[in-house]
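Worksheet: the structure to be examined is printed underneath.
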Amino acid sequence: MNRSSSTHRSRTIYAIATVAVIVLGLASREFPWIFPVFLEKYPGDALWALMVLLILGFVWPRLPATWLAVLALLVSFAVEFGQLYQPLWLTAVRQTTIGHLVLGSTFNPLDLVAYTVGVCIGFVFVSVAYHRSAA
């Protein structure tokens, strides 16, 4: 298999996985009963961070899984800590549906744990996909 088809295949896998994660993440908010109730909103947060990792993998399909995980955690943590900054204009953006889905609204340290879980799941997915495509 040549290099370009391998990259295309990786991007296809990343794109399909990203769409699946977005659908599952939205479903976790709309139908919270699909996950155990004690997990509350955290599966959606984990899926959000997983989505970040998959998008980064789509953009940079040859980036090692470790770097994807580090970047995804940095982005996820930056967005979460960014919620501590509440200027009026940004609060208005966060009150829109897309703004709330992308930026969240209020800082919660437990979200950082959920993001870490989501990125770890993504790291395993990317590592397995990489080893399969290399074989």
Legend entry - Point-to-point distance, once rounded to the nearest 0.5 Å, from OG of Ser76 to CE of Met51: 8.0 Å

Inset, instruction - Kindly work out whether a path of hydrophobic side-chain contacts (I/L/V/M/F/W/Y, heavy atoms less than 4.5 Å apart) joins Val102 to Phe81. - result: no

Inset, instruction - Specify the closest pair of heavy atoms between Arg29 and Gly44, including all atoms of both residues, with the distance to one decimal. - result: NH2-C, 3.8 Å

Inset, instruction - Please answer whether the main-chain N or O of His100 pairs with a side-chain N or O of Arg94 as donor and acceptor at a distance below 3.5 Å. - result: no

Inset, instruction - Return yes if some donor-acceptor pair links the side-chain N/O of Gln83 with the main-chain N/O of Asn108 below 3.5 Å, else return no. - result: no

Legend entry - Exercise: identify the closest heavy-atom pair between Asp45 and Ala114: CB-CB, 3.7 Å

Inset, instruction - For Tyr42 and Val113, run side chain to side chain contact (heavy atoms under 4.5 Å, CB included): C-alpha distance rounded to whole Å, both residues' side-chain angles, the deciding distance at 0.1 Å, then the answer. - result: CA-CA 9 Å; Tyr42 298 108; Val113 175; over 6 Å; no

Legend entry - Separation between CD1 of Ile13 and CG of Leu54, rounded to the nearest 0.5 Å: 11.0 Å

Legend entry - Validation row: Phe123, Leu68 side chains within 4.5 angstrom (heavy atoms): no

Legend entry - Spacing of OG belonging to Ser10 relative to CZ belonging to Arg62, to within rounding of 0.5 Å: 6.0 Å

Inset, instruction - State plainly whether one hydrophobic cluster holds both Ile16 and Ile22, where clusters connect Ile, Leu, Val, Met, Phe, Trp and Tyr through side-chain heavy atoms under 4.5 angstrom apart. - result: no

Inset, instruction - Kindly work out whether a path of hydrophobic side-chain contacts (I/L/V/M/F/W/Y, heavy atoms less than 4.5 Å apart) joins Val117 to Leu110. - result: no

Legend entry - Test item: Glu80 side-chain N/O and Asp111 main-chain N/O as donor-acceptor pair under 3.5 Å: no

Inset, instruction - Check whether more than 12 heavy atoms from other residues, nucleotides or ligands sit under 6.0 Å from atom CG of Leu84, and answer yes or no. - result: yes

Legend entry - Smallest separation among heavy atoms of Val21 and Leu47, with atom names: CG1-O, 3.2 Å

Inset, instruction - State yes or no: do Val52 and Trp67 share one hydrophobic cluster built from I, L, V, M, F, W and Y residues joined by side-chain heavy-atom distances below 4.5 Å, directly or via other members? - result: yes

Inset, instruction - Could you tell me which non-hydrogen atom of Val119 sits nearest to which non-hydrogen atom of Ala72, and how far apart they are? - result: CG2-CB, 3.8 Å

Legend entry - Any side-chain heavy-atom pair of Leu26 and Leu101 under 4.5 Å: yes

Legend entry - hydrophobic_cluster_shared for Trp33 and Leu24, side chain cutoff 4.5 Å: yes

Inset, instruction - Considering non-hydrogen atoms only, spot the tightest contact between Trp48 and Tyr115 and give its length. - result: CE3-CE2, 4.0 Å

Inset, instruction - Would you sort out whether Leu103 and Leu90 count as a side chain to side chain contact (heavy atoms under 4.5 Å, CB included), showing the intermediate values? - result: CA-CA 9 Å; Leu103 301 175; Leu90 192 51; 3.9 Å; yes

Inset, instruction - For the pair Arg11 (side chain) and Pro61 (backbone), establish whether a donor and an acceptor sit closer than 3.5 Å, ignoring hydrogens and angles. - result: no

Inset, instruction - Please test Phe125 against Leu50 for side chain to side chain contact (heavy atoms under 4.5 Å, CB included), starting from the C-alpha separation and ending with a verdict. - result: CA-CA 10 Å; Phe125 170 81; Leu50 174 57; 5.6 Å; no

Inset, instruction - Check Val126 against Tyr14 and note the closest heavy-atom contact, atom names and distance. - result: CG1-OH, 3.5 Å

Legend entry - Note, Leu56 side chain near Leu63 side chain (heavy atom, < 4.5 Å): no

